[in-house]
Amino acid sequence: MMESYIAVLTKGICQSEENGSFLSKDFDVRKAYLAGSIKDIVSQFGMETVILHMALMLKKRVVIYHPKIEAVQEFTRTLPALVWHRQDWSILHSYVHLSTDELEALQTCTGYVAGFVDLEVSNRPDLYDVFVNLAESEITIAPLAKESMTMGKLHKEIGQLIVQSAEDPNKSDSQVIQDIALKTKEIFTNLAPFSEVVDDGGKRVLNFEALKQKRFPPATENFLYHLAAAEQMLKI
């Protein structure tokens, strides 16, 4: 078994007389990323889906509650697709208990999507920036996160795009994800002119004065600033 594991890990192929051949290239990891349904999420939350998109873009702490673990896991599994450009499912903590050890481990993460089946988590605002009560179809932004998550015209546009794409019966989940990813790319394209290279490593940082001079609406400027912070583009 160990030999087979190492063969797949190093060569991407494993062959045996008993089981035939296994080729890792035959199993596209992106298919696993598309296991859940973005369209189902939008069907449940409508325009409020943009809150989830914004929270993930800013690498906020998102807590999901539902009494059924299957519902929690399916929902959490799908959320990272809203920020497809990152392809980062390591932010998922699909089943967390309100135990000291698990919460301490969770709180070492800067941003996450964490699932709970105990409603008591709703009384722990220290654990989340955004709380999703999946059972009641309610999304709540924690008081301390409201300033960085102020929404305006840009977010209305994003929300409308997400809803229109998801409600199109001719579009698959992967096409909806692609539409959201293109909008996300547009946001980063808009941010690029306000960044500059500061060292030989090619690291780009935000030129906040240049951003202010553009005179975006306050909510848009605020969002782009916090996006730059999430992408580690602020000068230290």
Side-chain angles (χ1 to χ4, degrees), residues 29-30 33 49-64 76-94 96 103-115 125-132 139 141-155 157-159 161-162 177-178 180-236:
V29 69
R30 289 173 297 179
Y33 290 164
T49 307
V50 75
I51 299 174
L52 301 174
H53 176 263
M54 185 181 188
L56 293 167
M57 286 283 284
L58 300 183
K59 297 183 179 179
K60 296 295 188 181
R61 302 167 303 158
V62 181
V63 161
I64 315 296
T76 58
R77 185 74 180 80
T78 309
L79 285 186
L82 288 170
V83 282
W84 184 256
H85 66 288
R86 292 199 183 116
Q87 304 252 326
D88 184 9
W89 267 252
S90 68
I91 63 172
L92 292 184
H93 303 264
S94 295
V96 184
L103 295 184
E104 285 180 353
L106 185 65
Q107 289 177 303
T108 62
C109 306
T110 54
Y112 51 74
V113 175
D126 58 310
L127 295 177
Y128 61 82
D129 300 304
V130 172
F131 178 74
V132 182
I139 299 178
I141 300 175
L144 292 178
K146 286 185 176 179
E147 185 275 329
S148 62
M149 293 190 64
T150 301
M151 286 182 279
K153 181 181 177 182
L154 172 63
H155 302 95
E157 291 174 359
I158 297 170
L161 178 143
I162 292 173
I177 290 169
Q178 185 177 29
I180 298 170
L182 287 172
K183 185 62 177 181
T184 300
K185 182 178 180 181
E186 180 184 313
I187 293 169
F188 280 106
T189 299
N190 290 336
L191 183 61
F194 311 110
S195 64
E196 55 193 14
V197 178
V198 294
D199 57 38
D200 294 337
K203 177 178 172 59
R204 302 191 71 87
V205 300
L206 178 70
N207 183 330
F208 186 55
E209 288 304 315
L211 178 63
K212 290 185 69 173
Q213 289 173 12
K214 184 65 177 178
R215 298 188 180 278
F216 282 117
T220 300
E221 180 185 295
N222 182 63
F223 172 67
L224 292 176
Y225 175 81
H226 284 94
L227 179 60
E231 295 294 324
Q232 299 182 324
M233 291 174 60
L234 298 186
K235 291 180 181 179
I236 299 176

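- Thr150 contributes atom OG1, which lies 8.5 Å from atom CD1 of Ile141 (distance to the nearest 0.5 angstrom).
- Taking a 6.0 Å sphere around CD of Gln232, one finds it holds 12 or fewer heavy atoms contributed by other residues, nucleotides or ligands.
- Side-chain contact between Leu52 and Ile139: present, with at least one pair of heavy atoms (C-beta onward) separated by less than 4.5 Å.
- Atom CE in Met151 sits 10.0 Å away from atom NZ in Lys146 (nearest 0.5 Å).
- If you take CG on Leu127 and CD on Gln107, they are separated by 5.0 Å, rounding to the nearest 0.5 Å.
- Across every non-hydrogen atom of Leu206 and Tyr225, the tightest pair is CD2-CD1, 3.9 Å.
- Closest heavy-atom contact between Ser148 and Met54: O-CE, 3.7 Å.
- Between the Trp89 side chain and the Arg77 main chain, a donor and an acceptor come within less than 3.5 Å of each other.
- Under a 3.5 Å cut-off, the side chain of Asn222 and the backbone N or O of Glu147 do form a donor-acceptor pair.
- Under the 4.5 Å side-chain criterion, counting only non-hydrogen atoms from C-beta, Leu191 is not in contact with Ile187.
- When side chains are defined from C-beta on, Pro80 does not count as touching Asp88, because their heavy atoms never get closer than 4.5 Å.
- Residue Phe216 places its CZ atom among more than 12 non-hydrogen atoms of other residues, nucleotides or ligands, all under 6.0 Å distant.
- One N or O on the side chain of Arg86 and one on the backbone of Leu56 form a donor-acceptor pair closer than 3.5 Å.
- The CH2 atom of Trp84 lies 10.5 Å from the CD atom of Gln178; values are rounded to the nearest 0.5 Å.
- Between Lys59 and Thr110, every side-chain heavy-atom pair lies at or beyond the 4.5 Å cut-off.
- Side-chain atoms of Thr184 and Met57, non-hydrogen and from C-beta on, do get closer than 4.5 Å to each other.
- For Asp129 (side chain) and Arg61 (main-chain N/O), a donor-acceptor pair under 3.5 Å exists by modelled atom type.
- Annotation: side chain of Ile180 is in contact with side chain of Leu82 (closest heavy-atom distance under 4.5 Å).
- Using a 4.5 Å cut-off on side-chain heavy atoms (C-beta onward), Leu154 and Glu157 make contact.
- Nearest heavy atom pair, residue Ile162 against residue His53, reads CD1-CB, 4.3 Å.
- At least one donor-acceptor pair under 3.5 Å links the side chain of His155 to the backbone N or O of Gly152.
- Taking both residues in full, the closest heavy atoms of Tyr128 and Ala142 are given as O-CB, 3.6 Å, listed atom of the first, atom of the second, then distance.
- In this structure, Arg204 and Ala192 approach most closely via the heavy-atom pair NH2-O, 4.1 Å.
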